[in-house]
Enquirer: 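Take a look at the following structure, please.
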Amino acid sequence: MTAQRRWLLGGAAVLAVIAVATLFGTSRNRNSVQARGTSSNTAWTVVFASPGRVEGASETTQVGAATDGILKAVYVTEGQFVKRGTLLGEIACDDLQPALQTAMAEADSARQARTRLLRGARNEEKTIAREKTAAARATFEEAKSRLDMQRALYQKEEISRATYDQAVRDLGVADANLRAALGTEELVAAPPLREDTARADADVLAADGRVRTAEQRIGKCAIETPIDGTVLRVYARPGESFSTVTPRPLFSLADTSTRHIKAEVDERDVDKLSVGQNVIIQADALDGKRLRGSVARISAMMGRKSISTGDPSDKSDRDILEAVIELDDNSRPLPIGLRVTVQFLSDGHRE
């Protein structure tokens with residue numbers, strides 16, 4: 001083989017390598033999230049590009065249950081709009097109803113006992129106490145009169161000493177009975193002791209607490225939506241079990257009234273990012289159409305990547321900074337979670 005032929009073959013090989021490299025570079029710049037440069041058919045300059053996802057007005061909320069059990073029912077479907085507090089599903093908690101009924105009965109009993117204590121003795125008991133006091137006073141007055149009469153007869157020596165002493169004892173007994181009757185009447189009319197009232201109040205509070213505990217346990221069986229939004233996904237079906245030890249989402253919701261893009265800017269491009277910066281959004285699902293927008297917010301903290309671009313050369317060990325992109329036209333119902341490429345433009349350049 002002559003030297004000239006070898007030079008021709010070598011030159012052809014070099015040209016082939018250059019052509020392949022050019023073709024690969026063009027394809028990579030079109031699909032990679034690190035695309036840079038000036039487009040040949042547009043009037044804007046791409047400073048850098050980053051992957052992103054479509055989100056609603058709120059971040060996607062994963063909803064689970066607050067208690068263990070079997071999913072009794074599912075009341076919503078995917079795509080349904082729900083208000084905050086709407087019942088999404090329910091865990092079977094029929095075994096908790098008897099405990100609630102028992103707690104409510106105990107609470108009612110404690111309240112009635114407190115009412116009975118504060119009311120005091122019945123009117124009939126107070127009437128009986130007054131009548132006993134009146135009878136004891138009458139007996140006392142009779143014994144006192146008899147003693148006065150016996151004393152006069154004893155001084156005239158018309159009765160014996162024993163008879164006189166018996167009249168003295170009868171008066172003493174009548175006096176004791178009168179004091180006992182007065183004490184009973186006062187006790188019946190007296191208000192309850194402070195310690196008894198405090199104990200009754202404590203019993204009522206404890207009983208009400210047991211009712212609230214039972215109600216809260218039953219309330220945890222209801223799975224309610226924490227926000228106004230659209231049900232994006234229903235993961236569970238009636239009859240499936242749920243455990244708080246190994247929790248999993250049962251429903252996925254988001255506020256889909258508007259759309260925005262959350263882009264993950266590589267740490268090497270953070271210095272090129274600014275609020276108000278114009279962007280172009282592209283995605284395979286848009287069929288070549290571009291969406292316009294601008295940077296509305298920039299996170300104050302670096303984080304880890306959560307969006308996979310599918311590019312083998314993409315570094316997954318770099319940190320990212322999240323940027324929220326507001327769309328100029330929010331009328332297009334982009335699917336939540338759609339993966340897009342966000343091209344950040346230099347200042348003063350638009351398509």
Enquirer: Determine whether I336 and T60 make a side-chain contact, defined as any pair of heavy atoms from C-beta on separated by less than 4.5 Å.
Expert: yes
Enquirer: I want to check something: taking the side chain as every heavy atom from C-beta on, are S252 and Q62 in contact at a cut-off of under 4.5 Å?
Expert: yes
Enquirer: Less than 4.5 Å apart, any side-chain heavy atom of Q277 and any of K272?
Expert: no
Enquirer: Just checking, is any N or O donor in the side chain of R210 or T213 under 3.5 Å from an acceptor N or O on the other one?
Expert: no
Enquirer: Going through the distances and angles, do T163 and Q150 end up as a side-chain hydrogen bond (donor to acceptor under 3.5 Å, both in side chains)?
Expert: CA-CA 8 Å; T163 303; Q150 296 293 346; 5.8 Å; no
Enquirer: Can you name the residues that form a salt bridge (charged side-chain N to carboxylate O under 4.0 Å, His left out) with E55, not counting sequence neighbours?
Expert: K262
Enquirer: For the residue pair E185 / T133, report whether a side-chain donor-acceptor contact shorter than 3.5 Å exists.
Expert: yes
Enquirer: Run the salt-bridge test on R111 and D208 with the 4.0 Å N-O cut-off and return the result as yes or no.
Expert: yes
Enquirer: Evaluate whether atom CG of D271 has more than 12 neighbouring non-hydrogen atoms of other residues, nucleotides or ligands under 6.0 angstrom away.
Expert: no
Enquirer: Using the salt bridge (charged side-chain N to carboxylate O under 4.0 Å, His left out) criterion, which residues pair with R169? Sequence neighbours excluded.
Expert: none
Enquirer: The criterion is side chain to side chain contact (heavy atoms under 4.5 Å, CB included); which residues satisfy it with S294, sequence neighbours excluded?
Expert: N278
Enquirer: Hey, are the side chains of L232 and T256 touching, using non-hydrogen atoms and a 4.5 Å cut-off?
Expert: yes
Enquirer: Does the side chain of T197 reach to within under 4.5 Å of the side chain of L118, using non-hydrogen atoms?
Expert: yes
Enquirer: Answer with yes or no whether the side chains of T258 and N330 bring together a donor and an acceptor at under 3.5 Å.
Expert: no
Enquirer: Got more than 12 heavy atoms from elsewhere within 6.0 Å of CZ, R53?
Expert: yes
Enquirer: Does CZ belonging to R217 count more than 12 external heavy atoms closer than 6.0 Å?
Expert: no
Enquirer: Flag the pair I298 / L321 as yes when at least one side-chain heavy-atom distance between them is below 4.5 Å, and no otherwise.
Expert: yes
Enquirer: Enumerate the residue pairs fulfilling disulfide bond (SG atoms under 2.5 Å apart) with a member in residues 87-124, sequence neighbours excluded, ordered by first and then second residue.
Expert: C93-C221
Enquirer: Looking at E326 and R259, what are the two nearest heavy atoms and their distance?
Expert: OE1-O, 4.4 Å
Enquirer: By ring pair (Phe, Tyr, Trp, His ring centres under 6.0 Å), which residues pair with F344, not counting sequence neighbours?
Expert: F48
Enquirer: With a 4.5 Å limit on heavy-atom distance, are the side chains of T139 and N177 in contact?
Expert: no
Enquirer: Between Y235 and L250, is any pair of side-chain heavy atoms under 4.5 Å apart?
Expert: no
Enquirer: Apply salt bridge (charged side-chain N to carboxylate O under 4.0 Å, His left out) to R248 and list each qualifying residue two or more places apart in sequence or on a separate chain.
Expert: E240
Enquirer: Are L273 and M302 connected into the same hydrophobic cluster when the rule is that any two of I, L, V, M, F, W, Y join if their side-chain heavy atoms are below 4.5 Å apart?
Expert: yes
Enquirer: Before you tell me yes or no, could you show the steps for R114 and D203 under salt bridge (charged side-chain N to carboxylate O under 4.0 Å, His left out), namely the whole-Å CA-CA distance, both residues' side-chain angles and the distance that decides it to 0.1 Å?
Expert: CA-CA 9 Å; R114 180 180 180 276; D203 290 342; over 6 Å; no
Enquirer: Counting only heavy atoms from other residues, nucleotides and ligands, does the tally under 6.0 Å from CD of E267 exceed 12?
Expert: yes
